[in-house]
Protein chains: 2
Amino acid sequence: MQNSKIRNMEELASVSGISRPTLSKYFNDPDSVRASTRKKIEAALETYDYRPNIYAMNQNRRLTKNIGIVVPYLADPFFAEIARVIEDLVIEGGFRPILLSSHGNSEQEIENLDSLQSIRPAGVLMAPLGRNSDIAAAERFCAEVPTVLFDNSIGDLGEAFFGLDNLQSIGTIVKYLCNTGEAPVFFEMRTPTNPNAYKRRNAYIETMEKLGLTPQLIQVDGDTWEFEKIGYEGGLDAIRTRQLNTNTVLCSNDRLAIGFLAAAYECGLRVGRGPSYALRVAGHDDHPYARFTCPPLTTVAQDYAAIATKSVEAILSLIESGERAKSRVTTLFSGKLIERVSA
Amino acid sequence: MQNSKIRNMEELASVSGISRPTLSKYFNDPDSVRASTRKKIEAALETYDYRPNIYAMNQNRRLTKNIGIVVPYLADPFFAEIARVIEDLVIEGGFRPILLSSHGNSEQEIENLDSLQSIRPAGVLMAPLGRNSDIAAAERFCAEVPTVLFDNSIGDLGEAFFGLDNLQSIGTIVKYLCNTGEAPVFFEMRTPTNPNAYKRRNAYIETMEKLGLTPQLIQVDGDTWEFEKIGYEGGLDAIRTRQLNTNTVLCSNDRLAIGFLAAAYECGLRVGRGPSYALRVAGHDDHPYARFTCPPLTTVAQDYAAIATKSVEAILSLIESGERAKSRVTTLFSGKLIERVSA
DNA sequence: GCCAAAATTTTACGCGCGTAAATTATTTGT
DNA sequence: ACAAATAATTTACGCGCGTAAAATTTTGGC
């Protein structure tokens with residue numbers, strides 16, 4: 001096994017009989033050296049435990065092998081999941097993911113960008129906070145570092161954007177709800193932190209009007225990322241003050257819906273589809289917990305595997321080309337209706 | 001504002017009139033230079049945008065300012081929350097947190113340790129996977145890097161351990177359940193990944209026997225980290241095959257309980273306390289979602305702020321001392337009963 | 001078995017900063 | 001105002017690796 005440890009490439013060079021520059025080449029890309037050489041190196045690596053000093057490497061390389069991943073709120077399992085997929089793809093691409101959460105806080109988001117900038121990443125994948133983001137700071141960052149946005153977009157920031165087609169996905173579930181029962185009221189935060197939320201509101205209104213129906217909004221207060229709490233408290237209030245004049249509620253996202261379901265339960269309203277139920281509740285996103293709510297939540301699934309895959313592909317090809325995108329491409333994926341028992 | 005940018009300390013030295021070694025001292029500890037010097041440096045920093053190259057710094061420092069944080073499963077909001085608190089404390093302590101998730105996978109856990117070792121962290125805070133952890137690899141890591149364990153312990157690995165007093169916390173909720181209704185059956189995974197789970201099982205048995213009652217276990221299959229799913233499927237099975245001969249179920253953790261609640265709901269069993277309810281269900285951990293289940297989950301809260309604070313304090317003092325712990329100290333915190341409506 | 005092409009080695013320099021020792025300047029106490 | 005203590009500067013070296021250019025070796029094709 002690991003006999004004596006080796007401290008640097010120089011020493012590895014002497015014990016392996018391969019010159020240091022060739023070793024350097026090998027570590028940057030094992031396939032760039034001759035097969036016979038590669039074998040010798042790998043044989044030496046088996047007996048001598050050695051790995052290049054990552055700091056010395058990155059100091060001298062034009063570009064590091066780091067890719068930053070910034071998400072707005074990691075305690076949200078949705079972002080935890082998408083971050084995990086992205087991490088794996090980044091590793092697969094031969095890069096090193098650096099995951100940072102903004103914890104729903106714009107100052108933290110800037111700090112994250114600052115912190116990333118100091119490690120000179122080859123590229124960054126970022127899901128911005130949205131409304132609260134410091135746009136000027138983000139712009140400055142994007143000018144320095146190739147950045148691909150996902151989940152939600154800010155202006156025309158970044159080289160590309162991958163997200164959800166909110167008009168399609170909200171349209172789908174609104175039509176589904178209308179076809180299977182009463183038209184839905186839209187339950188949302190009054191001043192959401194997230195641009196997607198505005199798009200969903202507009203998509204709801206647009207779809208309802210297209211169907212010849214009158215859109216109705218229930219807008220609740222709250223400006224934190226504790227969506228369940230906001231949905232719960234807003235839901236309690238909406239139910240108790242009889243703001244609902246339909247038996248169908250479409251929540252702007254699943255986390256709000258989870259809170260709303262808790263409120264409905266507390267008020268003794270049975271949620272589900274059919275004559276014996278008081279209320280239908282639907283969400284949006286297919287949150288990891290949506291299938292375990294009571295009752296299981298009807299929602300629209302985001303194809304986050306697609307979002308993750310395409311985002312990573314985009315940043316990798318940007319890095320490989322060494323250039324900036326000629327034009328900012330926006331790619332929107334469709335949502336898929338997930339019919340469960342809540343609506 | 002930022003006029004011309006400065007590329008290295010040398011240039012900052014010339015424009016600020018302060019020598020480079022002094023600047024180096026300043027960046028390592030601003031308070032180590034004279035106040036007048038500090039002022040001059042900070043004035044220069046205002047006009048010239050400069051930050052030291054982190055790679056060059058870390059290459060030459062004996063010890064980096066990095067602290068690794070390894071959690072078993074970041075998509076679990078419990079770990080996301082505790083990681084967030086730890087991150088903040090680490091930053092407050094003047095260090096740089098590097099957060100890594102093992103995604104419930106032992107190979108990933110080793111990769112994380114490997115990856116951390118290559119950045120030569122000053123210390124590491126780690127919540128190990130447990131049963132699946134590669135103990136030999138972890139031991140080798142701990143021999144190299146000062147490591148403090150939290151949440152769950154493996155053997156006597158690491159310099160210290162901070163976790164929950166499962167005997168106390170399970171004892172508390174078992175007694176509560178017995179005092180307010182029928183004695184609970186214990187619902188858990190047959191072969192949990194997590195040592196805490198075994199401790200909880202034993203704590204349940206011990207407490208029941210102390211109370212002169214017969215412990216009963218419902219053990220469900222599953223060896224992934226999808227606890228809700230396992231709880232749901234196991235719960236469905238347990239209910240349908242009539243394994244319950246008490247109306248009270250204590251789940252080994254809240255995520256299992258969330259799944260179990262979904263199963264109970266699907267089977268039409270009303271969960272709550274009182275004559276009109278079919279079942280009482282309690283959990284353990286006070287998971288962030290526990291207050292939004294239907295009905296809200298009675299559980300035991302872990303004091304994760306305390307666990308986080310003490311763990312960070314421990315690693316910081318270890319780093320400061322530059323030594324290894326003389327003996328491995330285990331600190332267990334008490335859980336606190338959270339009475340909600342599910343039991 | 002020869003030659004051009006490709007891979008490797010040699011040589012040499014630089015990256016940006018940490019750090020140690022010796023020297024010089026500044027502050028502090030009296 | 002002076003000596004002692006403290007801080008800053010100068011000088012010099014090293015960290016581990018990237019990388020470029022030139023010299024050398026190996027490879028593959030015919």
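Here is the naming used below: chain letters follow the sequence lines, and residue numbers restart at 1 for every chain.
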Whole-Å distance, B:R120 CZ to C:dC17 C1', equals 13 Å

Tell me: CG of A:L12 to C1' of D:dG18, nearest whole Å? 16 Å

Without decimals, in angstroms, what is the distance between A:Q59 CD and D:dC17 C1'? 8 Å

Salt bridge (Lys or Arg N to Asp or Glu O under 4.0 Å) filter on A:E139, not counting sequence neighbours, yields none

Salt-bridged, B:R328 to B:E159, with N to O below 4.0 Å? no

Scan the side chains in residues 306-317 of chain A for donor-acceptor partners under 3.5 Å anywhere in the protein, sequence neighbours excluded, and list what turns up.
unit_1 : atom_1 : unit_2 : atom_2 : d
A:T309 : OG1    : A:A305 : O      : 2.6
A:S311 : OG     : A:I307 : O      : 2.6
A:S317 : OG     : A:A314 : O      : 3.2

Reckon B:Y50 has a side-chain N or O less than 4.0 Å from the OP1 or OP2 of C:dG16? no

Hey, what do you get for CG (B:L12) to OG (B:S19), rounding to the nearest 0.5 Å? 11.0 Å

Please write out the pairs of protein N or O atoms and N or O atoms of nucleotides 19-27 of chain D separated by less than 3.5 Å, giving the distance to one decimal.
unit_1 : atom_1 : unit_2 : atom_2 : d
D:dA20 : OP1    : A:R62  : NH2    : 2.6

Write down the distance between OH (A:Y55) and C1' (C:dG18), rounded to a whole number of angstrom. 15 Å

Starting at OH of A:Y26 and ending at P of D:dG18, how long is that distance when rounded to a whole Å? 13 Å

Counting only pairs under 3.5 Å, give me each side-chain donor-acceptor contact of residues 35-45 of chain A, with atom names and distances, residues two or more places apart or in other chains.
unit_1 : atom_1 : unit_2 : atom_2 : d
A:R38  : NH1    : A:P30  : O      : 3.1
A:R38  : NH1    : A:V33  : O      : 3.1
A:E42  : OE2    : A:Y26  : OH     : 2.8

Between B:I6 (CD1) and C:dG16 (C1'), how many Å, whole number? 14 Å

Closest nucleotide among D:dG18, C:dG16, D:dA8 to the B:T37 side chain: D:dA8

If the cut-off is 4.0 Å, is A:S19 near the phosphate of C:dT10, judged by side-chain N/O to OP1 or OP2? no

In whole Å, what is the span from the NZ atom of A:K40 to the C1' atom of C:dT9? 12 Å

Who pairs with B:R140 by salt bridge (Lys or Arg N to Asp or Glu O under 4.0 Å), at least two apart in sequence or on another chain? none

Closest approach to the side chain of A:A56, judged atom by atom: which nucleotide of D:dC17, C:dG18, D:dT10 is it? D:dC17

To the nearest Å, give me how far apart CZ (A:R51) and P (D:dG16) are. 16 Å

By salt bridge (Lys or Arg N to Asp or Glu O under 4.0 Å), which residues pair with A:E11, not counting sequence neighbours? A:R7

By nearest-nucleotide position on DNA chain D, the 5'-leaning member of A:N53 and B:I18 is B:I18

With respect to the side chain of A:M9, which nucleotide from C:dT9, D:dG18, C:dC17 is positioned closest? D:dG18

